[in-house]
Amino acid sequence: MTPDLIHEFVPGSSNRTLLLLHGTGGNERDLIPLGRELDPNATLLSPRGKVLENGMPRFFRRLAEGVFDLEDLQKRTHELADFVAAAADRYDIDNKNIIAVGYSNGANIAASILLLRPEIFDGAILFRAMVPLEPHKPPELANIRVWIGAGNHDPIILPSETQRLVELLRTAGADVTVRFLSAGHALTPADISLARDWLSGL
Ligand code: MLT
């Protein structure tokens, strides 16, 4: 299998890999500086979402803001999980040390991988995530650590939606840290510094 998404690969000096997943309208280059800030030594793997919404790359189709095309979401979730597995082979990445770092649409597909393909990640940093789907069978997330950064004034994701995601992941056994920041949907320096501290303690 060959990794079939357009992507950036930046080798690192440790055996940790950050899988960087951009938001709607982003691309594979957007989150490289964020990845470096979060961990200066990690390998960075950053794919571009294949779905276009008015020319803007995304990781899966949506019918309206916050209303997802669930069939496409499931298909893209498996496609991205297979991409990560193929890239791990091709680049000789330690597949037991992959942490997803997603923002907005990228955080939502990372959460979807946690729920449908829990073997892919060892942890995840989810900036501004919502519940992407309700899995038919609860995943086994006992060894997975997740950090979630939410904005108290986010017009797209209400705190109750973040809480729903936290409960879903915790019920599946994940060790979840959630931080509600005085912020909107955009990332803030506080998000980055809190996530960096969490990551450095793993
Ligand atoms: C999504 O579509 O994944 C969410 O609404 C976040 C966004 O991309 O705006």
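Every number for a ligand or one of its atoms is a count from 1 in the order of the listing.
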Q: Enumerate the residue pairs fulfilling side chain to side chain donor-acceptor pair (under 3.5 Å) with a member in residues 132-151, sequence neighbours excluded, ordered by first and then second residue.
A: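 Side chain to side chain donor-acceptor pair (under 3.5 Å) check on residues 132-151 returns Glu134-Arg164.
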Q: Take every heavy atom of Phe59, measure it against each atom of ligand 1, and state whether any distance is under 4.0 Å.
A: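 False for this residue.
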Q. Where on Asn108 is there a heavy atom closer than 4.0 Å to ligand 1, on the side chain, on the backbone, on both, or on neither?
A.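 Side chain only; the backbone of Asn108 stays clear of ligand 1.
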Q.
Below 3.5 Å, N or O to N or O, backbone or side chain included: is there any such pair between His185 and ligand 1?
A.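 No, since none of the N or O atoms of His185 sits under 3.5 Å from an N or O of ligand 1.
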Q.
Does any N or O of ligand 1 fall below 3.5 Å from an N or O anywhere on Arg58, backbone included?
A.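 Indeed, backbone or side chain, Arg58 has an N or O that close.
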(Q) Any salt bridge linking Arg16 with Asp39? Criterion: basic side-chain nitrogen under 4.0 Å from a carboxylate oxygen. (A)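 Salt bridge: yes.
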Q. Does a side chain donor of either Arg58 or Thr24 reach within less than 3.5 Å of an acceptor in the other side chain?
A.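 The answer is yes; a qualifying pair exists.
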Any donor-acceptor pair under 3.5 Å linking the side chain of [X] with the backbone of [Y]?
X      : Y      : value
Thr43  : Gly12  : yes
Ser112 : Asn108 : no
His22  : Gly106 : no

Q) Numbering the atoms of ligand 1 from 1, which are under 4.0 Å from a heavy atom of Phe68? A)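 Going through ligand 1 atom by atom, the ones under 4.0 Å from Phe68 are 1 (C), 2 (O), 3 (O).
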**Q.** Atom indices of ligand 1 within 4.0 angstrom of Thr24 heavy atoms, with elements
**A.**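 The list of qualifying atoms is 7 (C), 8 (O).
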Q) Which of the listed options, Gly26, Ser104, Gly66, holds the heavy atom that is closest to atom 7 (C) of ligand 1? A)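 Residue with the shortest heavy-atom distance to the ligand atom: Ser104.
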Q. For atom 9 (O) of ligand 1, which candidate among Met130, Arg62, Glu65, Arg128 holds the nearest heavy atom?
A.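 Of the listed residues, Arg62 has the closest heavy atom.
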